[in-house]
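Lettering follows sequence order; numbering is per chain, from 1.
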Amino acid sequence: MSSENGGEGQGQEGPEQLALIREAVRKAKPRARKAVPTAERLPVARVAVDKALSHLDRLYDYSVPSSMDADAVPGARVRVRFGGHVAKADKGRRTGGRLVDGYIVERRESSDYRGPLAPLASVLSPEPVLSPDLLALARSVADRYAGTLADVLQLAVPPRHGRAEAEPSPEPRPAPDPPEPGTWSRYPAGSAFLQALRRGDTPRAVWTALPGPHWPQELARAVVATLASGRGALVVVPDGRAAARVDAALSSLVGEGHHVVLTAESGPRERYRRWLALSRGAVRAVVGTRAAMFAPVRDPGLVALWDDGDSSHSEQHAPQPHARDVLVLRAANERTGFLLGGLTCTAEGAQLVDTRWALPLAAPREALRAAAPLVRTVGDNDQARDAAARAARLPSLAWQITRDALERGPVLVQVPRRGYVPRLACERCREPAHCQVCAGPLEIRDEDGVLHCAWCGRPETAWHCLACGSTRLRAQVVGARRTADELGRAFPKVPVRTSGRDGVIASVPGRPSLVISTPGAEPVAEGGYAAALLLDGWALLNRPDLRAGEEALRRWLGAAALVRPQSEGGTVVVVAEPSLRPVQALVRWDPAGHAVRELAERAQLGFPPVSRMAAVTGKPAAVADLLATTPLPDDTDILGPVPAPPTAQWGDEPLERVLLRVRPGQGAALAAALKSAQAVRIARKEPDPVRVRIDPPDIG
DNA sequence: AGCACGCCGACT
DNA sequence: GTCGGCGTGCTC
């Protein structure tokens, strides 16, 4: 082909000429659609394109070259040219277009697209990684969270690893025998739940677990009961430690080969290998951390979640789905049983019961009394008279109980993480400490201990309480390290160990020792702890968070559940104001009752989960524009805007956040409205992004 | 996001 | 007349 530009511009020089050459090159090789032969049967592939842009969140049709016919199965990964343009003047010719990844969703006889179809660029592998169920789930999750299918698929389908894919998966095992109820018999509805799973039914339960070490084994029995029905099962737990415990319980019940573990601990190859074993139906059950919520279990009969209050169940990547909500969607879409278990109960769990979607699964009082330790409270102003106790900053009661318990076994001391307290308060009157300039909350910087404002960043050098004039702040929580030092001095004959962010201990022997731990990092003690001290309760309860009370109770119960039952002398001391609701719920060991009251209060105040909320964050003008141009559901409350903390994403620009609130049943409509609002903004090429977050976690 | 088309003003 | 500004719309 000769250049149309011929001799023109030959005498010119410099950038113009370069531009002309570039132009000539571009024109000389338009990516002509070669007359590739197309598959004879089902020549059209409907493709989910891996582009997260919300205004092109739909499926696209491509033609299937006959050379790819055999590999281009539904679910296969493909590459396609996307975003090119069909020139009018030169019909059928395509120019440009970038190669993007995608998945074949369906092979069809014809397309309803009026226009020439581009051919698939390549089929990466015939492995059908995107099953119809997984696609449907991803679509539901995207809709629920105002996100795109592509975003969710990125969470749901792991990256391909060729070697792992080439390996054959193991032969599937025959279904195991149904399990004995074991410790499930402590729950009146426990055996019935297992039997329902084993029969092939789909029971749904919110399970308030008894304290003690049995829950991993109980989860495992639910899995085995489901396997015995010939169906698959999925268990999502908050961290690798919990996964390891359920894994061990499963292995001891039915041996290896029936299940895989999906956690961050295994590398990409091994992870993909296990994922494929599930997808291929070679292995029927999985236990894992939150990414496992999408695991491609074949014909699942049960989806289970442990400890839904743990923040690690919130996915960090867009659209930030929560494992509980994904599994609720999954139970509905794939018609499976559902088990939401924990030592505690969230308001969301209580709501599943309240709406009759799930039944409560709890133990009677007697079983609880047999399993739980004695819980005692100490007001947080109690001063120890004993000098040694004062040095260790322990109230007298806590001191005595520790001393006695250390005769009989290990003692757990739970201390909030250093830097955990977002809000400092006056030591005398508890008035929260505010910045004198902007009234933002004061905090102590972790690195250098400097008191400064969390909003404006101004260092505060001469704070005094505006209410009572005191100049003493309630100090930041003392870290585990220093607590360990002090307690070590107070009990010099006892070994002291710490478990926390850097260095989590999984378990400790049953010998007397002091175990200082931050919440969530508590080691399991052989035979149970003789006692536990829950220090600095005020710090957990003072957080400016909707879920502060629920979260404090969750962390206390998590530690207290590791203590021996009261009948064996197990005692828990919580240092916190005894009149507060979470403290009373701990003393009575009544997390379900706490959750019911919490839910009722949130309903009355119009808080989640009864109302659905969304946060819209961005530059003030951008947020205002989105709200002005978006038809929101009727009765949407618009709360704010309020200043939002700056984020790296936006640099130093001042940001605003608006909370949108809709009444029950309107959540889907709100998500849909926000998604189309985003699509409009992107299509209009608005320069300033707006972040939309359904179910924002940090509402104070 | 890219990329092309199209409908108006300054230049050869 | 034609080059080129960017406003608008589409991507199988």
Nucleotide C:dC12, atom C1' - distance to OH of A:Tyr103 in whole Å: 19 Å
Aromatic ring of A:Tyr60 stacked on base six-ring of C:dC12, 5.5 Å, 30°: no
Sugar-phosphate only, base, or nothing, as touched by A:Arg58 at under 4.0 Å among non-hydrogen atoms: base
Rounded distance in Å - CD (A:Glu686) to P (C:dG9): 14 Å
Nucleotide B:dA4, atom P - distance to CZ of A:Arg81 in whole Å: 13 Å
Sugar-phosphate, base or nothing in reach of A:Ile682, heavy atoms under 4.0 Å: sugar-phosphate
Distance, rounded to the nearest Å, where A:Leu59 contributes CG and C:dC12 contributes P: 14 Å
Gap between atoms CZ and P, on A:Arg46 and C:dT11 respectively (whole Å): 14 Å
Protein-nucleotide distance (A:Phe82, atom CZ; C:dC10, atom P), rounded to Å: 13 Å
Donor on one side chain, acceptor on other, A:Ser131 and A:Asp133, under 3.5 Å: no
Euclidean distance, atom CG of residue A:Leu56 to atom P of B:dG2 [Å, nearest integer]: 12 Å
More than 12 heavy atoms of other groups within 6.0 Å of A:Arg663 CZ: no
Side chains of A:Arg280 and A:Ser169, donor plus acceptor under 3.5 Å: yes
Euclidean distance, A:His161 NE2 relative to A:Leu276 CG, rounded to 0.5 Å: 11.0 Å
Protein-nucleotide distance (A:Glu109, atom CD; C:dC12, atom P), rounded to Å: 22 Å
